[in-house]
2 protein chains.
Amino acid sequence: MRIGELAERAGVSVRSLRYYEEQGLLQSERSASGQRHYPEEAVDRVVFVQRLYAGGLSSRTILEVLPCVDNPSADSADAAFDRMLVERARLDDHIKDLLRTRDALDELIELNRGFRATV
Amino acid sequence: MRIGELAERAGVSVRSLRYYEEQGLLQSERSASGQRHYPEEAVDRVVFVQRLYAGGLSSRTILEVLPCVDNPSADSADAAFDRMLVERARLDDHIKDLLRTRDALDELIELNRGFRATV
DNA sequence: CTAGAACCTGACATTGACGTCAGAGGCAAG
DNA sequence: CTTGCCTCTGACGTCAATGTCAGGTTCTAG
């Protein structure tokens, strides 16, 4: 499929796909005229990359982790595997921090509900 | 206390404190020579603001919510209260999304562990 | 009194994942 | 063949919280 269809199906902009390629996160075949063509699997790939971005990983970090996706055989993915564990831990910490923030908001909401009920 | 002490005690940079003031998130008394002075409560204030930043709220949004902190009486904090509920929901969605990302990472980790064990 | 922190304002720099625009070529349908 | 949509490269714009630097004032300890 061409870039427009991939963008739509994966729910990202065409600009983003070109950016992913520039960062080495996504490959494409080029037609004679230079247009990018992608296989079906590219959709899942892009969705997964988006998911990692959502988790706060940078392009560079995603690039480091991708060997675990593309070729999870022991030798090639050693550093990638370690990196993945690190990022998993970082994400876990981040989630815990957000939960604390949510709790703080809940406290404040309850406090305000109290005031609003009595007035 | 002066700005340096507040920065250290709240765990932020002096630059950030000046920025918060610029955004209306933090007030200060000025000495005759123009130096900022803060009461004890400023520490908690700054920590709380940091917490909201961590939750993904922008300066402008934090500003909108602060009436619920400063004066949780019904009349003044109406819009602020609504805004707080909205942000609470947004944060909750974000957390759920991050949990999905963590699950995806966990799956990938398990998959790779499998490969690494057999080889 | 003096050296060295700490503070002031103002302004430009940074970072990263994009948005957006320009100028040009490619492709399917009528 | 042409109209209109898709794609290409390249480059500059964005946003937000903060870093950083310059040039100058103020406070504090000795």
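No hydrogens, no waters, no symmetry mates; every other heavy atom, side chains included, goes into these values. In what follows, every chain begins at residue 1, and chains take the letters A, B, ... in the order their sequences are listed. Worth saying up front: this structure is predicted, and the values here are computed from it rather than measured.
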Practice task
Answer yes if the side chains of A:Gln50 and A:Tyr20 hold a donor-acceptor pair under 3.5 Å, and no otherwise.
Solution key: yes
Handout entry: Atom-to-atom span, OH of A:Tyr38 to C1' of D:dC8 - whole angstrom
Key = 11 Å
Handout entry: Value in whole Å for how far the P atom of C:dG25 lies from CZ of A:Arg30
Key = 17 Å
Completion exercise
Separation of C:dG25 atom C1' from A:Gln35 atom CD, nearest Å, is 9 Å
Handout entry: D:dT18 OP1/OP2 closer than 4.0 Å to side-chain N/O of B:Ser13
Key = no
Problem - Contact under 4.0 Å: B:Ser59 side-chain N or O vs D:dA16 OP1/OP2 - result: no
Fill in the blank from the handout: Against the side chain of A:Tyr53, the closest entry in C:dC18, C:dT9, D:dG19 is C:dC18
Handout entry: Interatomic distance, B:His37 NE2 vs D:dT26 C1' [rounded to whole Å]
Key = 10 Å
Problem - Lys NZ or Arg CZ of A:Arg2 over A:Tyr38 ring: under 6.0 Å, within 45° - result: no
Practice task
Have a look at A:Ser31 and say if it touches a base, only the backbone sugar-phosphate, or nothing, with a 4.0 Å heavy-atom cut-off.
Solution key: nothing
Fill in the blank from the handout: Ranking C:dA17, D:dA17, C:dC7 by distance to the side chain of B:Ile3, first place goes to C:dC7
Handout entry: Between B:Glu87 and B:Thr61, a side-chain donor and acceptor under 3.5 Å
Key = no
Exercise for the section: Name the residue closer to the 5' end of DNA chain D, choosing between B:Arg15 and B:Leu57 according to the nucleotide with the nearest heavy atom. Expected result: B:Leu57
Problem - Check: A:Tyr53/A:Ser58 side-chain N/O donor and acceptor closer than 3.5 Å - result: no
Practice task
Remember a base hit wins even if backbone is also touched, and classify B:Arg36 as base, sugar-phosphate or nothing at under 4.0 Å, heavy atoms.
Solution key: sugar-phosphate
Problem - Residue closer to the 5' end of DNA chain C, A:Tyr19 versus A:Ser33 (nearest nucleotide) - result: A:Tyr19
Problem - Interatomic distance where CG belongs to B:Leu17 and P belongs to C:dA6 [whole Å] - result: 15 Å
Problem - Rounded distance (Å) that lies between atom P of D:dT18 and atom CD of B:Glu21 - result: 15 Å
Practice task
Say whether, by atom type as modelled, one donor and one acceptor occur between the side chain of B:Arg45 and the main chain of B:Leu25 under 3.5 angstrom.
Solution key: yes
Exercise for the section: In whole angstrom, give the distance that lies between atom CD of A:Glu8 and atom C1' of D:dC6. Expected result: 13 Å
Exercise for the section: Using whole Å, report how far CZ of B:Arg60 lies from C1' of D:dA17. Expected result: 16 Å
Exercise for the section: Tell me what B:Arg2 touches on the nucleic acid: a base, only sugar-phosphate, or nothing, going by heavy atoms under 4.0 Å. Expected result: sugar-phosphate
